[in-house]
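The residues of the chain are indexed from 1 along the displayed sequence.
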Amino acid sequence: MQNLRHAATEAFQRLGLKQRHMGYQELGELDGVETPQPQWFHTLQVRRLRAQRGRSNSDPLGGKNFQPEFQWNTGLQFGTANSYLNLEKLGEGAYATVYKGISRINGHLVALKVIRMKTEEGVPFTAIREASLLKGLKHANIVLLHDIIHTRESLTFVFEYMQTDLAQYMIQHPGGLHPWNVRIFMFQLLRGLSYIHSRRILHRDLKPQNLLISYLGELKLADFGLARSKSIPCQTYSAEVVTLWYRPPDVLLGSTDYSTALDIWGAGCIFIEMLQGVPAFPGVADVFEQLVKIWRVLGVPSEESWPGVSELPNYKAEWFLPCKPQQFRDVWKRFAQLPYKSEDLAQQMLTMIPNERISAQDALHHPYFNTLPPPVMQLRDTVSVFKVPGVRLETEVSDIFSPSRRMKSSLVPQGKCW
């Protein structure tokens, strides 16, 4: 038993954790001693609790003492429920609950997405789609699916554990992110999109909550439940995709014949949101209001400016007051403080006509990214941009003035964290 406890302690230390009764605490937090951190540490600081965490309702140990019960077992197999241990609940949705967990096979932290099975319906089609797509995607900017566990009651996806998502990161750093960090995040986002688009896969649900961020600053596409593999020849899809704020005007107007430009519009909206600190087109009520928000910036389209727009199902010219296109820097003031190439990239991503939007691959070679070290352009798919010397996050302004602040729990939404 003493040898077992010693092995477990060593494993936890390799994870940067210490056991404390039934909970966990990061190294450097014990006894009021802070371990020196990299200068960008506070930039990715997620809210940490000094008090012992409560046990979740799914606690496999039933609240018993953790140390004697936990075992590392190299003989355990992938695909079995007892190979993973739930540590705490991270969030819950209509169809799934996400837990922070740990692998009993190798001691790695994981995220367990437990999808509840409905007897009469079986496995949700979104789960089947997500699993089938993710199993074939291996990229540094795509969340890694480690394992799948199928039982009579549930389907569990085992993902790599990610500390936060872009939505929470922006809440922690209000008023817009550091321009250099925006550049690194955007490069990784476009890199991930270029990878899936080259395989004719559309994500179809880009939003900050679906972009996960690791402790290092690695950004990864997640939640492929709405993703589709685009067939050849082109087929039509549903117009009910993408959260309203990040949905392009052609889809808002009812188009179901879309391609990779759908994801590019969402990425452009996220680009502006990172710079400004607020959503680019925050509609509130419905599709009509969302279109009005877009027309106020890009102008109301006509057959002259957008050939074929009048044939889209939801297009009614008489519904909208005439609006002329505006300069992005007049609408979003942050662009006036940055080189023109920043505004140019945003304009090429947020073009109304779908087939005129820049592709993810071309966007990676836009002059906006010229200040990144050249080796980032030659990386293998599975290699992180943070392996390149000179690529690191800068400290956000909000952390410079208040490096020791802690977010109030009521202001931090439940993130996916897988």
If every non-hydrogen atom of [X] is compared with every non-hydrogen atom of [Y], which pair is closest and at what distance?
X: Pro374; Y: Gln378; result: O-OE1, 3.1 Å
X: Leu166; Y: Ile213; result: CA-CD1, 3.8 Å
X: Tyr195; Y: Asp381; result: CE1-OD2, 3.5 Å
X: Val309; Y: Leu253; result: CG2-CD1, 3.8 Å
X: Glu396; Y: Asn181; result: OE2-ND2, 2.8 Å
X: Lys293; Y: Pro282; result: CE-O, 3.5 Å

Do [X] and [Y] touch side chain to side chain, with heavy atoms closer than 4.5 Å?
X: Tyr99; Y: Leu87; value: no
X: Arg334; Y: Pro179; value: yes
X: Trp180; Y: Thr371; value: yes
X: Ser255; Y: Leu312; value: yes
X: Tyr84; Y: Ile102; value: no
X: Glu273; Y: Tyr246; value: yes
X: Glu394; Y: Ile184; value: no
X: Thr395; Y: His178; value: no

Between [X] and [Y], what is the ring plane arrangement, given parallel below 30°, perpendicular above 60°, and tilted in between?
X: Tyr169; Y: His173; value: tilted
X: Phe281; Y: Trp332; value: perpendicular
X: Phe369; Y: Phe187; value: perpendicular

Are the side chain of [X] and the backbone N or O of [Y] linked by a donor-acceptor pair below 3.5 Å?
X: Glu160; Y: Leu144; result: yes
X: Arg247; Y: Leu252; result: no
X: Thr243; Y: Trp245; result: no
X: Asn210; Y: Asp205; result: yes
X: Arg228; Y: His203; result: no
X: Ser359; Y: Asp362; result: yes
X: Arg357; Y: Thr351; result: yes
X: Glu343; Y: Phe328; result: yes
X: Asp147; Y: Val158; result: no
X: Arg183; Y: Leu372; result: no

* Go through Val98 and Phe159 one step at a time and tell me if the side chain to side chain contact (heavy atoms under 4.5 Å, CB included) criterion holds. => CA-CA 10 Å; Val98 181; Phe159 291 99; over 6 Å; no

Rounded to the nearest 0.5 Å, how far does [atom2] of [Y] lie from [atom1] of [X]?
X: Asn314; Y: Asp250; atom1: CG; atom2: CG; answer: 11.5 Å
X: Thr156; Y: His150; atom1: OG1; atom2: NE2; answer: 9.5 Å
X: Thr260; Y: Ile196; atom1: OG1; atom2: CD1; answer: 9.5 Å
X: Leu219; Y: Met186; atom1: CG; atom2: CE; answer: 9.5 Å
X: Leu275; Y: Leu177; atom1: CG; atom2: CG; answer: 8.0 Å
X: Leu202; Y: Leu193; atom1: CG; atom2: CG; answer: 10.0 Å

* **Stepwise side chain to side chain contact (heavy atoms under 4.5 Å, CB included) test for Leu145 and Phe224** => CA-CA 11 Å; Leu145 177 63; Phe224 280 72; over 6 Å; no

* Asked: Does the pair Gln188 and Phe386 meet the rule for a side chain to side chain contact (heavy atoms under 4.5 Å, CB included), with working shown?
  -> CA-CA 10 Å; Gln188 294 180 91; Phe386 289 91; 3.8 Å; yes

* To do: Identify the residue among Gln168, Met170, Met274 that makes a side chain to side chain contact (heavy atoms under 4.5 Å, CB included) with Pro208.
  => Met170

Short side-chain donor-acceptor distance under 3.5 Å, [Y] and [X]:
X: Tyr368; Y: Gln348; answer: no
X: Arg116; Y: Thr97; answer: yes
X: Glu218; Y: Ser384; answer: yes

* **Ring centers of Trp295, Phe288 separated by less than 6.0 Å** =>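 They do not qualify: ring centres at least 6.0 Å apart.
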
* Asked: Hey, is NZ on Lys316 packed in by over 12 heavy atoms from elsewhere, all under 6.0 Å?
  -> yes

* Only counting residues at least two apart or in another chain, list the ones meeting ring-ring contact (aromatic ring centres under 6.0 Å, His included) with Tyr315. =>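 Residues passing ring-ring contact (aromatic ring centres under 6.0 Å, His included) with Tyr315: none at all.
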
* To do: Could you walk me through whether Ile149 and Val114 pass side chain to side chain contact (heavy atoms under 4.5 Å, CB included), step by step?
  => CA-CA 9 Å; Ile149 303 166; Val114 182; over 6 Å; no

